[in-house]
Protein chains: 2
Amino acid sequence: MATIYEVSKLAGVSLATVSRVINKNSRVSDKTRQKVQDAMTELGYRPNSIAQSLASNRSNSVGILVSELHGPFFGQMMAGIEAELRAAGKHVIITTGHSEEDKEKDGIEFLISRNCDAIILHVEAVTDAYLIDLCKGKMPVYFMSRLVEGLNENCISLDNELGGYLATQSVLEQGHSAIAYIAGPQFKADSKDRLAGHKRALAENDIAFSDTLYFEGDFKETGGSDGLKCFIDSNQQFSALICANDEMASGAITYAREQGLSLPKDLSIIGFDNIIFARHTYPKLTTIDNPVNLMGHMAAKLVLKNIYKQKNMSIIHSFEPTLITRDSVINKN
Amino acid sequence: MATIYEVSKLAGVSLATVSRVINKNSRVSDKTRQKVQDAMTELGYRPNSIAQSLASNRSNSVGILVSELHGPFFGQMMAGIEAELRAAGKHVIITTGHSEEDKEKDGIEFLISRNCDAIILHVEAVTDAYLIDLCKGKMPVYFMSRLVEGLNENCISLDNELGGYLATQSVLEQGHSAIAYIAGPQFKADSKDRLAGHKRALAENDIAFSDTLYFEGDFKETGGSDGLKCFIDSNQQFSALICANDEMASGAITYAREQGLSLPKDLSIIGFDNIIFARHTYPKLTTIDNPVNLMGHMAAKLVLKNIYKQKNMSIIHSFEPTLITRDSVINKN
DNA sequence: TGTTAGAATTTTATCGTTACAATTCAAAGT
DNA sequence: ACTTTGAATTGTAACGATAAAATTCTAACA
């Protein structure tokens, strides 16, 4: 592969001039630029990005840490980030944390060692203290879907508490009062906030939160089925079930039907996230929209603005969930 | 950040010795190694991967091109690849092709310019000729889920023809004879092969393939609903519907129910891929398992073996789909 | 004690760029 | 014609590691 040196020789100019032609920023006379460009195409020259990175101390890559590579939620998130960054000629290095503290830290270390220009984290297991500490380091760090105290400027987050509130409120408005709740893992901030919103809605309507109608799931399909099984086995009475994400809701739906329940007549179910599949459950899942793709775009824009100094980037740090009404909640009024 | 130079100074040894301690391969006396390691921890030294890459002409990164970052199919694929590679200390640079020729080529260019050590491609729009040409270049190229003629050694593929055959055969065995088929985009090799398998099964059972019971979908939910709508609107009679992937099957299920059909009594539906969600449709989707996660692992192993010279890697190039029987196909016998 | 092989270590060149200071050049002003 | 000035260009030193050749050390053997 041809190097900048050969290009400069063929074009009869210095290395530096070639470099400036490549990087478009500084001025070069049209005649010289043309000569250089001709030489480049003649040699099939392609800049060596590694050497560029070493010399410029910039890798043009952004590290991303997600919990899982599969799953509709992370898929949408990554798609948003990648689309935005790719359009700007940056690339993404993606790795996973599996919601485990060690693996998350490991993933972060890995991305740092890879000389990313910035990293975007969707971490769940690691503490705020660790993150605050991390931000004191040299690597710029941004957070997706998590609000770290004092680091608001680096966060793109969803008002999960509001989402939880909305879900419960909407179910209450449909006349339900005995409401079961399957939460996500409570070490995850999202889960905790959604639950808090649920409790607030309950409180505002003078309904007591019942421990026996609460189950902590795993955000996976099994969480939904296990939770519902638990409620049913203990002979609880309830007409509605709120699941802290759509996967659990769909697990619950599947299990409910296995138990011979007719949905939504016998049980109303509402989810959270509005993953693509939510409109293909039966009944179609009423849920809370989580604009995670948009948030991915925004996180990328934040990096583009702060790190790559792109102009005209207006950033929204906080997003609001909205209710998506479909068929899985019945009106009891 | 401390450099190798400072470490060597503090440890009182040369640059090269430090380098050899880092890279574990060549021998260094225990005493020296200890000195160096102490110096490294004292300085909080972390090798600069960019500099390593420039000097060694190896980036320890593998480029991945998938059609989409979201979607259960690609999610599983990426998860497999990443898990395997990450365990070996390599990282993945992921980009997308969106099943469009230009974007795929662009993505490939992008990965090449990023100095990956190898690239793993899941391309659909680009021609075999282009790929054969690409393989003549310097960059090692591997293919996921696509068999490129003459490049078998570089491919990890699924016998899609067999999968298509299996799907149709199983439906036939359940006593169905009027069978509709919603294919994937026919420019994609997978889709074509699955259809070919379908036709073979039909032929073996002396059933004519009917153009009016064929629809070319888009591999998305809409493909399933559009296809089924088309068949129903044209007043076709059929008791079973084969969809070339699960997304389309779930779109078809949703649409069928919207039309008041009772499933699987009025219509049997079978999918392809066995995405996680397939067990949460109603009725639970009978489908063809596509071990794409495993194939991802295998593609990564292939790279590990060929590029990074890891031993003990036994490679399986060709995978076989299997029938997963659930509830969406009724027995008419 | 002197050799010598082999291990351990150092020296030096190199990878392909960018960045910065230094230089040259061309047009305008006096 | 002689400065001046700002744009265009060049030379050279990094960037932080690896790799190959050269050297030094160590211990065993004659």
Side-chain angles (χ1 to χ4, degrees), chain A residues 1-40 43-61 89 112-117 138-139 308-309, chain B residues 1-40 43-61 89 112-117 138-139 308-309:
Chain A
M1 174 80 8
T3 72
I4 197 176
Y5 178 74
E6 296 163 48
V7 174
S8 81
K9 211 158 113 184
L10 181 59
V13 299
S14 74
L15 289 188
T17 302
V18 178
S19 175
R20 266 178 297 99
V21 170
I22 295 168
N23 297 299
K24 305 192 196 311
N25 38 29
S26 185
R27 25 170 98 274
V28 179
S29 74
D30 288 348
K31 213 175 57 190
T32 311
R33 181 196 317 287
Q34 197 52 56
K35 272 195 305 188
V36 173
Q37 272 163 350
D38 289 350
M40 293 202 297
L43 293 170
Y45 169 78
R46 175 186 275 147
N48 179 322
S49 62
I50 303 279
Q52 286 180 314
S53 296
L54 183 62
S56 66
N57 195 32
R58 169 143 293 184
S59 66
N60 286 311
S61 68
I112 291 177
S113 80
R114 243 49 228 204
N115 290 79
C116 299
D117 296 332
K138 204 175 147 278
M139 174 70 69
Y308 299 114
K309 307 300 174 197
Chain B
M1 173 80 8
T3 72
I4 197 175
Y5 178 74
E6 294 163 50
V7 173
S8 80
K9 209 157 115 185
L10 180 59
V13 300
S14 73
L15 289 187
T17 302
V18 178
S19 173
R20 265 179 294 99
V21 170
I22 296 168
N23 296 297
K24 302 189 198 309
N25 38 30
S26 184
R27 25 170 98 271
V28 180
S29 74
D30 289 347
K31 211 176 57 191
T32 312
R33 181 195 316 286
Q34 198 53 56
K35 272 195 305 189
V36 172
Q37 272 163 349
D38 289 349
M40 292 201 299
L43 293 170
Y45 170 77
R46 175 184 276 147
N48 179 321
S49 63
I50 302 279
Q52 285 180 314
S53 295
L54 182 60
S56 66
N57 196 30
R58 169 144 295 182
S59 65
N60 286 311
S61 68
I112 292 177
S113 80
R114 243 51 227 202
N115 290 78
C116 301
D117 296 332
K138 204 174 149 275
M139 174 69 69
Y308 298 113
K309 305 301 174 197

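Labels below follow one simple rule: chain letters A, B, ... track the order of the sequence lines, proteins then strands, and each chain is numbered from 1.
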d([atom1], [X]; [atom2], [N]) in whole Å:
{"X": "B:Arg20", "N": "D:dA17", "atom1": "CZ", "atom2": "P", "value": "16 Å"}
{"X": "B:Leu15", "N": "D:dT23", "atom1": "CG", "atom2": "C1'", "value": "16 Å"}
{"X": "B:Asn115", "N": "C:dC15", "atom1": "CG", "atom2": "C1'", "value": "11 Å"}
{"X": "B:Leu54", "N": "D:dC15", "atom1": "CG", "atom2": "P", "value": "14 Å"}
{"X": "A:Lys31", "N": "D:dT9", "atom1": "NZ", "atom2": "C1'", "value": "12 Å"}
{"X": "A:Arg46", "N": "C:dG16", "atom1": "CZ", "atom2": "P", "value": "15 Å"}
{"X": "A:Ile50", "N": "D:dT18", "atom1": "CD1", "atom2": "P", "value": "13 Å"}

Does [X] place a side-chain N or O at less than 4.0 Å from the phosphate oxygens OP1/OP2 of [N]?
{"X": "A:Ser14", "N": "D:dT10", "result": "yes"}
{"X": "B:Asn23", "N": "D:dT18", "result": "yes"}
{"X": "A:Tyr5", "N": "C:dT18", "result": "no"}
{"X": "B:Asn57", "N": "D:dT18", "result": "no"}
{"X": "B:Ser29", "N": "C:dT9", "result": "yes"}
{"X": "B:Ser19", "N": "D:dT18", "result": "yes"}

Any A:Lys35 side-chain heavy atom under 4.5 Å of A:Asp38 side chain: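 The answer is no; the side chains never approach within 4.5 Å.
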Sugar-phosphate only, base, or nothing, as touched by B:Ser56 at under 4.0 Å among non-hydrogen atoms: sugar-phosphate
Sugar-phosphate, base or nothing in reach of A:Val13, heavy atoms under 4.0 Å: sugar-phosphate
As a test of reading the structure: which of [options] is closest to the side chain of [X], going by heavy atoms?
{"X": "B:Thr3", "options": "D:dA17, C:dT17, D:dT9", "result": "D:dA17"}
{"X": "A:Ala51", "options": "C:dT17, D:dT18, D:dG11", "result": "C:dT17"}
{"X": "A:Asn48", "options": "C:dG16, D:dG16, C:dT9", "result": "C:dG16"}

Side chain A:Arg33, main chain A:Val28, donor-acceptor under 3.5 Å: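 Checking the backbone N and O of A:Val28 against the side chain of A:Arg33, a donor-acceptor pair under 3.5 Å is found.
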Test item: B:Ser19 side-chain N/O and B:Leu15 main-chain N/O as donor-acceptor pair under 3.5 Å: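 No: the side chain of B:Ser19 does not pair with the backbone of B:Leu15.
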Nearest-0.5 Å distance, CZ of residue B:Arg58 to OG of residue B:Ser49: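 Here the rounded value is 14.5 Å.
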Verdict with supporting geometry, A:Gln37 and A:Gln34, side chain to side chain contact (heavy atoms under 4.5 Å, CB included): CA-CA 5 Å; A:Gln37 272 163 350; A:Gln34 197 52 56; 4.0 Å; yes
